[in-house]
Asks: 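Let me begin by handing over the structure; questions about it come next.
Protein chains get the first letters and strands the later ones, always in sequence-line order, with residue 1 at the start of each.
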Protein chains: 2
Amino acid sequence: MLSHKAKYGLKAVFYLAKRYEKGPVLISDLAQAEYIPKKFLEHILLELKKHGILYSRMGKGGGYALSKSPDKIFLGQIIRTLDGPLAPVPCVSKTAYVRCIECKDERTCEIRKVMKHVRDASAKILDTTTVADAMHSKMKLSSL
Amino acid sequence: MLSHKAKYGLKAVFYLAKRYEKGPVLISDLAQAEYIPKKFLEHILLELKKHGILYSRMGKGGGYALSKSPDKIFLGQIIRTLDGPLAPVPCVSKTAYVRCIECKDERTCEIRKVMKHVRDASAKILDTTTVADAMHSKMKLSSL
DNA sequence: CTACTATTCTACTAAATTTATAGACTTTGT
DNA sequence: ACAAAGTCTATAAATTTAGTAGAATAGTAG
């Protein structure tokens, strides 16, 4: 399951995508519009900024905006930033591989084999669908 | 990510599958063999039993065993029993649908649309792959 | 250079969930 | 009756998730 954090983050990005190139949006406005606790949203936006998805400006006239156009931002990137790897088990993650401690032998682990397929299936969708795609309900054929 | 509980549960089921029709296995033996905390494993096995996946007997000569043959047990069933729905968001779960509270309009929610695909892709694998399939690395063509 | 606005950062706190343990109880076989 | 094994209830410990507070920093306009 996605955490609230990731859901909030996705909502925020979609909100900003709708206002792309219309100037920065205030955290307070975003929080109010999407029913997200403001202080919690601060953390989320900051993380997304640090990962290069958002851009921000301080001071008057400041706020948050997308750092690139919605058709350049993949959903997988947003989710990984906020919730960590897509993989169901760490030993099949491509972006954050970690060996499973309990695992005697990775090569013969039944769980690993199946979960690799699950990871690939999810990644195939989330790493080919952009924010723009999702807004217009366009899924890449390859992911269906 | 799968919880430890689900991982332990899967390991236990595979262990029992290897000993299918060779008489019941003691919790202690299973715990030791798979490096699972015994008391925690008790709960897990009990849940799997209550969901009809395992069978058990008390008293001398007792223990746990699969309640049906490994080619009749789907991985999705095990994971759902121990970790809940496969769906990344509750509003796209087929087995445990719950409306998202923060969601203004389900029909236009961008997150929902994409996550539905993700859920379907995972379910396609986990609900067509049996314990026997996983043991022999046989994936259904439909899930690839 | 001052006032104001808005993000950034650090440090918590609270709640929920997950993981794990303890011990009494029940069932079964001999 | 006794020992062996799962069952049940309760709770504790650890971790993660969610949320809050407030000072620090940066930018803008005057």
Asks: Backbone N or O of B:Ile53 within a donor-acceptor pair of the B:Ser67 side chain at under 3.5 Å?
Replies: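 Yes: the side chain of B:Ser67 pairs with the backbone of B:Ile53.
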Asks: D:dA5 P sits how many Å from B:Gln32 CD, rounded?
Replies: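 B:Gln32 atom CD is separated from D:dA5 atom P by 13 Å.
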Asks: Have a look at A:Lys7 and say if it touches a base, only the backbone sugar-phosphate, or nothing, with a 4.0 Å heavy-atom cut-off.
Replies: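 Nothing, no heavy atom under 4.0 Å.
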Asks: Under 4.0 Å between any heavy atoms, over every strand shown, what does B:Leu26 touch: base, sugar-phosphate, or nothing? Just pick one.
Replies: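 B:Leu26: backbone/sugar contact only, no base atoms under 4.0 Å.
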Asks: Considering only C:dT28, C:dA20, D:dT7, which nucleotide approaches the side chain of B:Pro37 most closely?
Replies: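 Nearest to the side chain of B:Pro37 among the choices is C:dA20.
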Asks: Please tell me which of A:Gly59 and B:Val25 maps to the more 5' nucleotide of DNA chain D, matching each residue to the nucleotide holding its nearest heavy atom.
Replies: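 Result: B:Val25.
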Asks: Measure from NZ on B:Lys38 to C1' on D:dT7 and round the result to the nearest Å.
Replies: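 That distance rounds to 12 Å.
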Asks: Compare the minimum distances between each of C:dT5, C:dT7, D:dG6 and the side chain of A:Ser56, then state the nucleotide with the smallest one.
Replies: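 Minimum distance to the A:Ser56 side chain belongs to C:dT7.
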Asks: Salt bridge or not for A:Glu42 and A:Lys39, using N-O below 4.0 Å?
Replies: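 Yes, charged N to carboxylate O under 4.0 Å.
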Asks: Quiz question: going by heavy-atom distance under 3.5 Å, is there a donor-acceptor pair between the base of C:dT21 and the side chain of B:His43?
Replies: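 For B:His43, whose side chain was compared with the base of C:dT21, there is a donor-acceptor pair (under 3.5 Å).
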Asks: Identify, between A:Lys39 and A:His4, the residue whose nearest nucleotide on DNA chain D lies closer to the 5' end.
Replies: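 It is A:His4, whose closest nucleotide lies nearer the 5' terminus.
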Asks: For B:Lys60 and D:dG6, give me the distance from atom NZ to atom P, rounded to whole Å.
Replies: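 Those two atoms, NZ and P, are 14 Å apart.
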Asks: By nearest nucleotide on DNA chain C, pick out whichever of A:Glu42 and A:Gly61 is the more 5' one.
Replies: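 Whichever sits nearer the 5' end wins; that is A:Gly61.
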Asks: Quick one: is D:dA5 close enough that its OP1 or OP2 comes under 4.0 Å of any side-chain N or O from B:Tyr64?
Replies: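 So the side chain of B:Tyr64 is outside the cut-off, no N or O lying under 4.0 Å from OP1 or OP2 of D:dA5.
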Asks: Where the side chain of B:Phe40 is concerned, which of C:dT21, D:dT28, D:dG6 is the nearest nucleotide?
Replies: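 Among the listed nucleotides, the one closest to the side chain of B:Phe40 is C:dT21.
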Asks: Using whole Å, what does the distance between atom P of nucleotide C:dT7 and atom OH of A:Tyr55 come to?
Replies: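 It works out to 12 Å between those atoms.
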Asks: Among B:Val92, B:Leu126, B:Val118, B:Ile125, which one satisfies side-chain contact (heavy atoms from CB on, under 4.5 Å) with B:Leu86?
Replies: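 Only one of B:Val92, B:Leu126, B:Val118, B:Ile125 forms a side-chain contact (heavy atoms from CB on, under 4.5 Å) with B:Leu86, namely B:Leu126.
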Asks: Give the minimum heavy-atom separation between A:Glu110 and B:Ala134, together with the two atoms involved.
Replies: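 Where A:Glu110 meets B:Ala134 most closely, the heavy atoms are CG-O, 3.9 Å.
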Asks: Without decimals, in angstroms, what is the distance between A:Leu46 CG and C:dA6 P?
Replies: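 Interatomic distance, CG of A:Leu46 to P of C:dA6: 17 Å.
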Asks: Please state how far atom NZ in A:Lys5 lies from atom P in D:dA18, giving the value in whole angstrom units.
Replies: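 Spelled out: NZ on A:Lys5 to P on D:dA18 is 8 Å.
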Asks: For B:Tyr55 and B:Tyr64, indicate whether the former's side chain and the latter's backbone hold a donor-acceptor pair under 3.5 Å.
Replies: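 Judged by distance alone, no pair lies under 3.5 Å.
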Asks: Over how many whole Å does the gap from B:Leu30 atom CG to D:dG6 atom P extend?
Replies: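 Rounding to the nearest Å, CG of B:Leu30 and P of D:dG6 are 10 Å apart.
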Asks: Rounding to an integer number of Å, can you tell me how far B:Met58 CE sits from C:dT27 C1'?
Replies: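 Between C1' of C:dT27 and CE of B:Met58: 5 Å.
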Asks: Quick check for you: among D:dG6, C:dT28, D:dT17, whose closest atom lies nearest to any side-chain atom of B:Arg57?
Replies: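 Selected nucleotide: C:dT28.
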Asks: Hey, is the side chain of B:Ser28 poking within less than 4.0 Å of OP1 or OP2 on D:dA5, counting only N and O atoms?
Replies: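 For D:dA5, neither OP1 nor OP2 has a side-chain N or O of B:Ser28 closer than 4.0 Å.
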